[in-house]
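Single-structure report; data block below.
We count ligands from 1, going down the list as the structure has it; atoms in each ligand are counted the same way.
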Amino acid sequence: MDKGYFISFEGMDGSGKSTQINELKCYLEEKGFEVILTREPGGTDIGEQIRRIILDPDNSEMTHITEAMLYAASRAQHIEEVILPAVASGKIVICDRFVDSSVAYQGFGRGITECVNAINAYAVQDCMPDITFLLKVKPQIGSERIKHREKDRIELEASEFHQAVFDGYERLEAAFPERIVGIDATRSIGEIQQEIVMHVDRLTGQRK
Ligand code: ADP
Ligand code: TYD
């Protein structure tokens, strides 16, 4: 059996990840691919329990290192239990956030980059996405789009934190141009989807 593919989506909250992921899933299923949609933190029973702890606004005393380790713990479980078996059996895994989120939010946002890299070296090993779409909108645009949603512990952080995360994503895009595709996500949903589909068709060999 042919190996599948691992695709991740990144960006600020409200950048349009869920919207694009759902569109991409429909597109790929129409082409006959088997698609697994998943997310971080979460994606497994254990990961969803960890997610509740991390995002609970009442857990305001959580230290930066605890936070980074919990995200990485959810990821380690997710990789072994869901991502690796699905890709090995020929499926396409689309993941809403992956390790780049930890580098951007905990590494650059909290200012503990070295620690985040070290922890995630254990969690991720060599399970990296084949392609990562970074949906680029400034933090203010993202938060304006989701202003009516209930905020989790991370979304409640100050605007300086979100700006540091945004800058961190820019650094990641520059550092890994062969994997990370930066997408101007201020355009219409349809225009963004077209660009994503073009890259995915190339990945799956549907387009040269
Ligand atoms: P995320 O998963 O990144 O938090 P969502 O896909 O949930 O983002 O989108 C956040 C909000 O923005 C939703 O109300 C969605 O309908 C809207 N939205 C998504 N894409 C666009 C776009 N390209 N332009 C304007 N609004 C958008
Ligand atoms: P997400 O599921 O995107 O939130 P929502 O359900 O509101 O769309 O992610 C939850 C939050 O966790 C988001 O603010 C980003 C943050 N996050 C990190 O800080 N580090 C990480 O490693 C991951 C995966 C997410």
With only distance considered, is [X] within less than 3.5 Å of ligand 1 through an N or O on each side?
| X | result |
| --- | --- |
| D13 | no |
| D96 | no |
| G16 | yes |
| G14 | yes |

How far is [atom] from its nearest protein heavy atom, and which residue and atom is that?
| atom | answer |
| --- | --- |
| atom 22 (O) of ligand 2 | S102 OG, 2.6 Å |
| atom 3 (O) of ligand 2 | R97 NE, 2.7 Å |
| atom 20 (N) of ligand 2 | Q106 OE1, 2.8 Å |
| atom 12 (O) of ligand 2 | Y71 OH, 2.9 Å |
| atom 8 (O) of ligand 2 | R149 NH1, 3.8 Å |

(request) Identify, by atom number and element, the atoms of ligand 2 in contact range of P41, meaning under 4.0 Å from any of its heavy atoms. (result) 24 (C), 25 (C)
(request) Report, in ascending order of atom number, the atoms of ligand 2 lying under 4.0 Å from any heavy atom of E40. (result) 24 (C)
(request) Answer yes or no: is there an ion pair linking D152 with R52, defined by an N-O contact shorter than 4.0 Å? (result) no
(request) Would you mind finding which of H148, E144, K147, R149 brings a heavy atom closest to atom 10 (C) of ligand 1? (result) R149
(message) Judged on heavy-atom distance to atom 24 (N) of ligand 1, which of E191, Q193, R145 sits nearest?
(response) R145
(message) If we ignore hydrogens and angles and just use 3.5 Å, is the side chain of R153 paired with the main-chain N or O of I54 as donor and acceptor?
(response) yes
(request) Give a yes or no on whether the backbone of Q206 and the side-chain of D201 come within a donor-acceptor separation of less than 3.5 Å. (result) no
(message) Please classify the Q20 to ligand 1 contact at 4.0 Å (heavy-atom distances, strictly less than): side chain, backbone, both or neither.
(response) neither
(message) Applying a heavy-atom cut-off of 4.0 Å, say which part of E67 lies close to ligand 2: side chain, backbone, both or neither.
(response) neither
(message) Heavy-atom pairs closer than 4.0 Å: do any link ligand 2 to the side chain of L55, the backbone, both, or neither?
(response) side chain
So, is [X] polar-close to ligand 2, with some N/O to N/O distance under 3.5 Å?
| X | value |
| --- | --- |
| D96 | no |
| D13 | yes |
| E155 | yes |

(message) With no hydrogens and no angle check, just 3.5 Å: does a side-chain donor-acceptor pair link E10 and S101?
(response) yes
(request) Quickly, which of V35, V200, L37, T19 forms a side chain to side chain contact (heavy atoms under 4.5 Å, CB included) with L24? Name it, please. (result) V200
(message) I'd like to check which ligand 1 atoms, numbered from 1 as shown, lie under 4.0 Å from a non-hydrogen atom of K17.
(response) 1 (P), 2 (O), 3 (O), 4 (O), 6 (O), 8 (O)
(request) Say whether R51 and ligand 2 are in contact under the criterion: heavy-atom distance to a ligand atom below 4.0 Å. (result) yes
